[in-house]
**Q** 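The structure that follows is given in the form of structure tokens.
Order of the sequence lines fixes the chain letters, A, B, ..., with proteins taken first and strands second; residue numbering starts at 1 for each chain. All values below were derived from every heavy atom in this structure, side-chain atoms included, with hydrogens, water molecules and symmetry-related copies excluded.
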There are 4 protein chains.
Amino acid sequence: MSSETDLRRRILDTTRHLLVQDGYASLSMRKIARAIGYSATSIYLYFENKDALFHALIDEGMEQLYDELKTVAAAYSDSPRARLRALCRRYVEFGLENQEYYEIMFLLRPERMERYPADKYRRARRNLDIMASALADGVEQGVMHTDDPRVSASVIWAALHGTVSLQLSRRVDIRIDRDAFIDAAIDQALRGVLPVEVRPQAA
Amino acid sequence: MSSETDLRRRILDTTRHLLVQDGYASLSMRKIARAIGYSATSIYLYFENKDALFHALIDEGMEQLYDELKTVAAAYSDSPRARLRALCRRYVEFGLENQEYYEIMFLLRPERMERYPADKYRRARRNLDIMASALADGVEQGVMHTDDPRVSASVIWAALHGTVSLQLSRRVDIRIDRDAFIDAAIDQALRGVLPVEVRPQAA
Amino acid sequence: MSSETDLRRRILDTTRHLLVQDGYASLSMRKIARAIGYSATSIYLYFENKDALFHALIDEGMEQLYDELKTVAAAYSDSPRARLRALCRRYVEFGLENQEYYEIMFLLRPERMERYPADKYRRARRNLDIMASALADGVEQGVMHTDDPRVSASVIWAALHGTVSLQLSRRVDIRIDRDAFIDAAIDQALRGVLPVEVRPQAA
Amino acid sequence: MSSETDLRRRILDTTRHLLVQDGYASLSMRKIARAIGYSATSIYLYFENKDALFHALIDEGMEQLYDELKTVAAAYSDSPRARLRALCRRYVEFGLENQEYYEIMFLLRPERMERYPADKYRRARRNLDIMASALADGVEQGVMHTDDPRVSASVIWAALHGTVSLQLSRRVDIRIDRDAFIDAAIDQALRGVLPVEVRPQAA
DNA sequence: AATGAATGAGCATTCATTCAT
DNA sequence: GATGAATGAATGCTCATTCAT
């Protein structure tokens with residue numbers, strides 16, 4: 001009874017693992033099968049094809065990120081400003097802690113994974129919506145400003161994504177402290193929508 | 001003697017061309033060979049293997065980006081502020097214009113390309129140095145400020161990289177105008193180091 | 001007891017249906033199972049393996065053809081000549097209407113279907129007997145003539161089979177009207193055993 | 001120098017052989033490779049894909065049949081009647097002697113071998129043209145008659161094809177002498193276009 | 001300097017079949 | 001009577017690479 005779910009889970013976990021270890025290009029159904037100790041055919045009992053397996057993984061990742069962001073948002077419901085900052089931090093942390101998910105969620109080019117149903121992207125977009133909504137609240141309360149909340153949310157996202165992305169691919173100068181880098185990146189990402197603060201060093 | 005170099009050049013050029021045109025995944029030695037009108041075997045006379053060819057290509061890409069950034073830097077040698085902005089713009093443009101090139105340069109995980117010699121990365125870092133130097137000049141002239149130019153340059157780079165990266169993977173909401181998005185992203189990337197300006201929309 | 005028979009029937013009917021609809025090559029146990037709404041495993045409760053299912057189907061086809069020919073024969077019991085012509089027509093129609101069925105019945109090489117028991121062919125031969133019998137009746141009544149009814153019946157059969165076969169493989173010039181072709185083929189097939197008639201076109 | 005041609009020939013010959021031995025459905029590139037003692041990959045050096053290999057085989061068969069029919073036609077250029085009969089006989093003999101070719105030439109359903117370029121069929125049709133031309137000559141010389149030479153040629157072909165086909169699949173009653181059967185079949189196939197002859201047994 | 005011939009390893013996927021339940 | 005889980009074998013095909021010439 002639990003065995004069906006078990007194997008499905010093992011496939012998903014192993015795939016995620018192999019994905020980070022060897023990359024998308026070198027991943028094959030056979031490799032996954034070998035890693036879980038089952039025949040390649042068995043994978044097809046749980047996933048229609050390779051793409052379906054990836055999509056299930058992406059969905060899981062999106063869902064997990066969504067849950068985390070939702071929790072963060074709830075914890076800071078009264079302060080849009082604190083909420084937005086916390087969301088950014090959580091996003092970066094999620095990426096660094098879940099490299100496996102993050103790569104397939106945001107680094108794979110979609111045209112390389114054919115057959116990804118368009119409506120699945122809507123699910124992905126919910127994560128951005130949480131940020132956009134913090135932004136909208138902030139604007140409404142007069143503590144943030146933006147010409148276009150949609151554009152601003154995406155721009156913030158881009159900065160966060162670049163941060164996660166460079167860290168994951170280990171392309172940031174190793175002499176730079178990771179946390180300092182992330183803090184600076186988030187600060188900067190938010191500076192565009194927050195009012196002019198007293199700039200510590202500018203004094 | 002020049003013929004050896006000639007063919008090597010043609011291989012590199014053709015590979016880059018195919019890469020931009022058809023993408024990384026569909027690139028094969030045979031395809032390259034067919035495109036240059038030589039046998040696949042011939043490529044091995046100039047490159048040890050596919051990886052070596054790739055690394056040579058990445059090097060060239062880094063070089064090309066370096067050249068472009070250097071040219072931009074020279075054109076704005078007297079104004080660090082204009083220089084930095086132009087560098088950012090050029091970086092993004094380079095990424096968008098050389099999609100597949102950008103991908104192998106910055107998106108492929110280096111440890112997955114087995115034989116990529118670590119020292120090649122030093123070459124890659126020069127690109128960041130150009131930006132850091134504009135930043136340093138700006139600080140020196142009192143038109144910019146930063147606690148640590150290395151960190152700030154990397155943070156700016158992360159924002160730019162995230163921008164290019166999201167665009168290339170087509171993950172930005174299609175209702176958002178591409179150029180507006182890029183402009184906003186660059187504006188924001190620079191806001192961290194530029195002095196507080198009169199915010200247009202803040203009247 | 002009747003339920004066992006029921007499912008067996010459904011399997012046979014569905015298989016025949018899929019065969020006619022999608023062709024021999026694309027037929028699989030899983031497809032059949034899906035179509036009847038049972039598990040693939042269930043088919044093995046009623047048929048030892050795929051071959052056995054096939055042979056049962058061929059048998060049924062032979063039986064069906066036999067029934068049809070018998071009905072035709074009965075309808076023309078008093079005129080051997082009309083009977084023979086009607087039998088020919090019915091044979092060709094059967095082939096064209098049951099394309100895939102006809103193929104497994106007459107086009108598949110029996111020795112390649114490993115386990116096909118030789119004695120099943122006796123059943124197949126009854127169809128030829130109906131024609132041979134019409135021929136014998138005709139000879140007896142003095143309206144047909146042949147050296148050897150068995151040979152003549154086979155020769156007629158060969159002509160009919162060739163006609164069906166070429167039509168099914170679409171190898172007849174498309175500019176030739178199908179019905180005209182079939183009429184001419186039957187006319188000619190019978191000319192060998194019918195007495196010399198006034199040849200219409202010889203006027 | 002001759003080795004390239006050699007292997008190509010061996011592939012073709014072996015394929016033809018396996019085709020008759022095991023049938024189209026069970027033929028695979030690997031099986032061919034194994035039979036010739038080369039890797040499956042090597043086959044692709046000489047044939048673009050499986051279909052191309054089949055088509056080459058079909059072409060060869062058509063060409064060979066064409067050559068034989070042409071020779072026969074030339075030998076009986078002055079008597080259309082003798083020519084037509086000789087062509088029929090040669091056609092049947094070709095089929096029986098070259099079972100390997102015949103099956104892929106005329107028994108395989110074309111939709112099962114996709115990608116067969118339509119113009120290749122023109123080549124196949126030349127064989128029918130030789131017969132049609134004998135028929136036309138006969139009509140012109142007043143020794144044959146037909147409403148439509150194209151239809152008649154196809155009808156004759158159908159009868160011959162049925163004869164070969166039943167013989168190859170061993171479906172003719174074994175008690176019937178093979179040569180007698182073929183003679184009778186040809187006699188009958190021609191009776192439709194030849195003038196009424198003195199029927200030996202009718203006397 | 002260049003190549004034609006050849007290959008082993010790999011790919012995603014499908015299939016008929018088995019077996020414990 | 002029926003099935004879910006599992007698999008070994010197979011399929012056509014592509015690829016980077018080698019090697020003798």
**Q** With distance as the sole criterion, do the side chain of A/Arg30 and the base of E/dA12 form a donor-acceptor contact below 3.5 Å?
**A**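 By the distance-only test, yes, there is a pair.
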**Q** I would like to know whether B/Ile104 and B/Leu19 meet side-chain contact (heavy atoms from CB on, under 4.5 Å); could you show each step before the answer?
**A** CA-CA 9 Å; B/Ile104 61 168; B/Leu19 204 48; 3.4 Å; yes
**Q** Answer yes or no: is there an ion pair linking B/Arg9 with B/Asp13, defined by an N-O contact shorter than 4.0 Å?
**A**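 The answer is yes: the pair qualifies as a salt bridge.
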**Q** By nearest atom, which of the nucleotides E/dA6, F/dG12, E/dT13 is closest to the D/Lys50 side chain?
**A**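 Closest nucleotide among those given: F/dG12.
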**Q** Using a 4.0 Å heavy-atom cut-off, does B/Ile43 contact any base of the nucleic acid, only the sugar-phosphate backbone, or nothing at all?
**A**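 The answer is nothing, as B/Ile43 stays clear of every strand by at least 4.0 Å.
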**Q** Please report, rounded to the nearest Å, how far the C1' atom of F/dA10 is from the CZ atom of D/Arg34.
**A**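 These atoms are roughly 10 Å apart.
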**Q** Tell me the interatomic distance from A/Arg8, atom CZ, to F/dG4, atom C1', rounded to whole angstroms.
**A**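 Result: 16 Å.
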**Q** Rounding to a whole Å, what distance do you find between C/Glu48:CD and E/dA16:C1'?
**A**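 Interatomic distance, CD of C/Glu48 to C1' of E/dA16: 13 Å.
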**Q** Return the value, rounded to whole Å, for the distance between atom CG of A/Leu53 and atom P of E/dT13.
**A**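 Whole-Å distance recorded here is 10 Å.
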**Q** Give a yes/no on whether any side-chain N or O of C/Thr41 is located under 4.0 angstrom from OP1 or OP2 of F/dT3.
**A**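 No, because none of the side-chain N or O atoms of C/Thr41 sits under 4.0 Å from OP1 or OP2 of F/dT3.
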**Q** Taking any heavy-atom pair under 4.0 Å as a contact, classify C/Leu27: base, sugar-phosphate, or nothing.
**A** sugar-phosphate
**Q** 5'-most contact on DNA chain E: A/Ser26 or B/Gly37, nearest heavy atom basis?
**A** B/Gly37
**Q** According to the Watson-Crick and G-U wobble definitions, with both distances under 3.5 Å, which nucleotide is paired to E/dT14?
**A** F/dA9
**Q** Output the rounded distance in Å from CD1 (D/Ile32) to P (F/dT11).
**A** 10 Å
**Q** Of all the choices, E/dT3, E/dT13, F/dC15, which nucleotide is nearest to the side chain of B/Ser28 once you look at every atom?
**A**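 Of the options given, the side chain of B/Ser28 lies nearest F/dC15.
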**Q** May I have the distance from A/Tyr24 (atom OH) to E/dC11 (atom C1'), rounded to whole angstrom?
**A** 13 Å
**Q** For the OG atom of B/Ser165 and the CZ atom of A/Phe106, what is their distance to the nearest 0.5 Å?
**A** 11.0 Å
**Q** Could you tell me the separation between the CZ atom of C/Arg10 and the P atom of F/dA2, rounded to a whole number of Å?
**A** 10 Å
**Q** Round to a whole Å and report the spacing from NZ of A/Lys31 to P of E/dC11.
**A** 7 Å
**Q** Between F/dA6, E/dT17, F/dT17, which one does the side chain of B/Met29 approach most closely?
**A** F/dT17
**Q** Answer with yes or no whether C/Ser42 presents, from its side chain, a donor or acceptor under 3.5 Å of a partner atom in the base of F/dG1.
**A**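 Flag unset: no donor-acceptor pair detected.
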**Q** Given that both distances must come in under 3.5 Å, which nucleotide forms a Watson-Crick or G-U wobble pair with E/dT21?
**A**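 E/dT21 is paired, partner F/dA2.
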**Q** With a 3.5 Å cut-off and no angle check, do the side chains of C/Lys50 and C/Ser28 form a donor-acceptor pair?
**A** no
**Q** Measure from the side-chain N and O atoms of D/His55 to the backbone N and O of D/Asp51, and report whether any donor-acceptor pair falls under 3.5 Å.
**A**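 Yes; at least one donor-acceptor contact below 3.5 Å.
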**Q** Pick the nucleotide of DNA chain F nearest each of B/Ala40 and C/Ala40; which residue has the one closer to the 5' end?
**A**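 Looking at the nearest nucleotide for each, C/Ala40 comes out on the 5' side.
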**Q** Using the side-chain heavy atoms of A/Tyr38, tell me which of these nucleotides is nearest: E/dA5, E/dA2, F/dA6.
**A**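 Nearest listed nucleotide: F/dA6.
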**Q** Using heavy-atom distances to pick each residue's nearest nucleotide on DNA chain E, tell me which of D/Ser39 and A/Tyr44 is more 5'.
**A**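 So the residue in question is D/Ser39.
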**Q** Looking at D/Tyr101, does the NZ or CZ of D/Arg16 lie under 6.0 angstrom from its six-membered ring centre and within 45 degrees of the ring axis?
**A**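 Yes, D/Arg16 and D/Tyr101 form such a contact.
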**Q** Taking only the side-chain heavy atoms of B/Tyr46 (C-beta and beyond), determine which of E/dT17, F/dT17, E/dA2 contains the nearest atom.
**A** E/dA2
